[in-house]
Protein chains: 2
Amino acid sequence: MNADDVKVDLIAFVVAVNDSEPCVLTIGQADTLPSGPFALEHRSLQSGLRGWVEQQTGHRLGYIEQLYTFADRDRIGAERQQRVISISYLALTRKEQAAGPPKCGWQSWYEYFPWEDHRSGTPPVVLDVLRPRLIEWANGVRDAATRRERWQRATIAFGFDDRLWNEELTLQRYELVYEAGLVQEAVRGRDGAPPPLVPSKSMVADHRRIVATGIARLRSKIKYRPVVFELMPTVFTLLQLQRTVEALAGRLIHKPNFRRLIEQQELVEETGEATTETGGRPAKLFRFRHAVLDDRLIAGTKLPLARG
Amino acid sequence: MNADDVKVDLIAFVVAVNDSEPCVLTIGQADTLPSGPFALEHRSLQSGLRGWVEQQTGHRLGYIEQLYTFADRDRIGAERQQRVISISYLALTRKEQAAGPPKCGWQSWYEYFPWEDHRSGTPPVVLDVLRPRLIEWANGVRDAATRRERWQRATIAFGFDDRLWNEELTLQRYELVYEAGLVQEAVRGRDGAPPPLVPSKSMVADHRRIVATGIARLRSKIKYRPVVFELMPTVFTLLQLQRTVEALAGRLIHKPNFRRLIEQQELVEETGEATTETGGRPAKLFRFRHAVLDDRLIAGTKLPLARG
DNA sequence: CCAGCATATACTTGCTGTGAGTATAAGGGA
DNA sequence: TCCCTTATACTCACAGCAAGTATATGCTGG
């Protein structure tokens, strides 16, 4: 037995979209991602992850993709010196499914990241709370160069000063609010009076950071791979598809352009049916053309995201 | 002590470009990547990796980025049941530096992947060797659907039948030649007569797969992040920069467009000097504008890759 | 039954990016 | 001096796409 042996934890960021709301699967007090140790009986990392998620939440995972592996220095075994390594995954699924154990449930992303939802314009928290707090933080150092650098990072990440909002910078934004001490987990265990935080739901350990990483990955990926369909029911209207993409991206899409792009790429085919449940003129129903999955390895799937 | 404890290995794919040749840093018989176990004395995964590479090759790493984490089922400790997990990294550096231990050295990528270099047009091995072998492989199954699917994968990955070559599909191509049993490591330990292989240098264990993963990542990344400059000397001409990108991408770039893109993005600035070493009209010397590193988080860095 | 509304679907316009070609400048060597 | 090589500058044309506009079709409330 070697002292260098480590424990390996598998952590899942499981995503579903329902009613235009992007959700994350949590356990505990809605502050913990499903996770568990990688054990001998697991055939692979992925099957280990599937096992833990199924056991803790009752959900069977479909699409899975690795996010990041990190060694957490704070989580060394108490009784003896031992490292813990966490391998995080992004999983896409549909919400329906069986009801799992009572303590698991779906939470909107934007409970944890209220500054990330720009579908109704820039949310108030960005300009009213984050901007002044980040200015304070930037000015909180003596060194003029560091001040400039901090403010430049904030400007770029949050699109201050007439810069455009870039929805893919979710992780950079989280890192900024963390460094600035504006989220609960950043000031955990610190002495003194708790500083004013940005109102948002927190998570245990570094789980919120994993979620931020996953959101950034997903927002980037929907633009060049047809992964959205992992989140859709088998049959859907084009507007439902658009609303799902908008929920993930946190911003609105120009409808005619969206339709044109989806159709010209032959990502979907009509079922022949239509639904009147949407109100207004009945919408044609579509299904995903699984045949394109191979092809799209090359071409990519572009989704039009409106600027401004 | 828990039976589920695992060993963690850190593996580095270290890249440098010299004289328009993209190189990988190897040890042993030019068939092994620098690597070593993650140990208690390492402050982090990255510092552990740096330590091993420096010790085995004498090279200090600069830019590092995580590639992938996998649990290798074949590499279970002999004496007792124990898992091994490998965390692979991509590192970019410059070749010069100190001379390390004798058994380390730089090898061209294309020794291991002769089908990946399309700078002088499609290499002969693609049409003369790979295409017929992959046809054999596709036809080697009874099921017609599987036959079609195999051949479609090959067609897409290698650009057969007038499809365009996509340089980013390096990993898919390696997976195909592996599945088809055309590389040495795919038929290692198999009984019977060794089948005809595609001429190429092999590596131990799954190291060649890690290299393929790294090449794919790098070829993708140079298009939206200014990572090329990690591979350049502090001062360089625009043509040298172009040749470096071409070496990585394995294909040629339209010179005027390349210059336009580099300059309009303000990635570089003139030093004021010029060099005549290139022959012909003296070329202006440039240096990288480190200031753009933050900005380019947003804008991305596009590099024009000529088709055909 | 009709007006108004909400959604679906189709067409048009104008800009930008970029792939590709051509032309000119400047040095070295035979 | 001619020619070769490389550097640098300019132009053109097409495709993609953001954005705006217009029409079709069903539902609902008065």
Side-chain angles (χ1 to χ4, degrees), chain A residues 19-20 118 164-167 222-224 235-246 249 251-286 298-308, chain B residues 19-20 164-167 222-224 235-246 249 251-286 296 298-308:
Chain A
D19 292 330
S20 304
H118 286 231
L164 337 130
W165 173 260
N166 183 338
E167 73 279 357
I222 49 173
K223 290 178 190 161
Y224 60 95
V235 162
F236 48 85
T237 72
L238 288 185
L239 187 58
Q240 285 167 352
L241 182 63
Q242 180 180 344
R243 293 282 176 254
T244 302
V245 174
E246 289 174 339
R251 63 192 314 176
L252 297 181
I253 295 175
H254 188 80
K255 194 198 278 191
N257 290 346
F258 181 80
R259 300 175 61 89
R260 173 169 41 105
L261 223 54
I262 297 295
E263 289 181 334
Q264 89 186 9
Q265 289 179 116
E266 298 180 307
L267 289 172
V268 297
E269 61 190 4
E270 300 186 14
T271 65
E273 314 266 298
T275 177
T276 62
E277 292 175 9
T278 51
R281 172 175 169 177
K284 284 183 194 164
L285 288 171
F286 293 83
I298 293 195
T301 304
K302 305 212 171 161
L303 295 175
L305 290 174
R307 24 180 168 186
Chain B
D19 293 328
S20 304
L164 336 129
W165 173 259
N166 182 340
E167 74 279 358
I222 49 174
K223 289 178 190 161
Y224 61 95
V235 161
F236 48 85
T237 72
L238 288 186
L239 187 58
Q240 286 166 352
L241 182 63
Q242 179 180 344
R243 293 281 176 255
T244 302
V245 174
E246 289 174 338
R251 63 192 314 176
L252 297 180
I253 295 175
H254 188 78
K255 196 200 278 193
N257 291 346
F258 181 79
R259 300 175 60 90
R260 180 182 50 189
L261 224 53
I262 297 296
E263 288 182 334
Q264 91 185 9
Q265 289 179 117
E266 297 179 306
L267 289 172
V268 298
E269 60 191 5
E270 300 186 14
T271 66
E273 314 266 298
T275 178
T276 62
E277 291 175 9
T278 50
R281 173 175 169 177
K284 284 183 193 164
L285 288 170
F286 293 82
R296 284 307 171 276
I298 293 194
T301 304
K302 306 212 171 162
L303 295 175
L305 291 172
R307 19 180 172 190

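Please read all numbers here as calculations on a predicted model, not as lab measurements. Sequence lines set the chain letters: A, B, ... in the order given, protein chains first and strands last, and positions in each chain run from 1.
Side-chain proximity of P256(B) to the nucleotides dA9(D), dA8(C), dT18(C) is greatest for dA9(D). Checking dC17(D), dA9(D), dA8(C) against the side-chain heavy atoms of L261(A) singles out dC17(D) as nearest.
Of the inter-residue distances, the one linking T275(A) atom OG1 with L239(A) atom CG reads 11.5 Å to the nearest 0.5 angstrom. In this structure, F258(A) CZ and L252(A) CG are separated by 12.5 Å, a value rounded to the nearest 0.5 Å. Atoms CD and CD, on E167(A) and E246(A) in that order, are 11.5 Å from each other to the nearest 0.5 Å. Separation of atoms CZ (R260(B)) and NE2 (H254(B)) is listed at 8.0 Å; rounding is to 0.5 Å. Note that the CD atom of Q240(B) and the CZ atom of F286(B) stand 11.5 Å from one another [nearest 0.5 Å].
Interface remark: the R260(B) side chain does not form any donor-acceptor pair with the dG17(C) base, using a distance-only criterion of under 3.5 Å. Side-chain atoms of H254(A) and base atoms of dA19(D) include a donor and an acceptor less than 3.5 Å apart.
Whole-Å rounding puts the L285(B) CG to dA7(D) P distance at 11 Å. Between K284(B) atom NZ and dG27(C) atom P the separation is 12 Å, expressed in whole Å. Computed from coordinates, the R259(A) CZ to dA19(D) P distance equals 18 Å when rounded to whole Å. R251(A) places its CZ atom 9 Å from the P atom of dA19(D), with the value rounded to the nearest Å. Here dG16(D) presents its P atom at 7 Å from CD of Q264(A), a figure rounded to the nearest Å. Rounded to a whole Å, the CD atom of Q265(A) is 11 Å from the P atom of dG16(D). Rounded to whole angstrom, the span from the CD1 atom of I262(A) across to the P atom of dT9(C) amounts to 13 Å. Distance CD (Q242(B)) to P (dT6(D)): 12 Å, rounded to an integer number of Å.
Neither OP1 nor OP2 of dT9(C) sits under 4.0 Å from any side-chain N or O of K255(A).
Among residues two or more places apart in sequence or in another chain, the side-chain contact (heavy atoms from CB on, under 4.5 Å) test is passed with S20(B) by R119(B), R243(B).
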Practice problem: Summarise protein proximity over nucleotides 23-30 of chain D in one line of letters, 5' to 3': B for base, S for sugar-phosphate only, - for none, counting protein heavy atoms closer than 4.0 Å. | Solution: -BBB----

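Looking at heavy atoms from C-beta onward, L238(A) lies out of side-chain contact with Q242(A) at the 4.5 angstrom threshold.
Here L238(A) lies out of heavy-atom contact (under 4.0 Å) with every strand.
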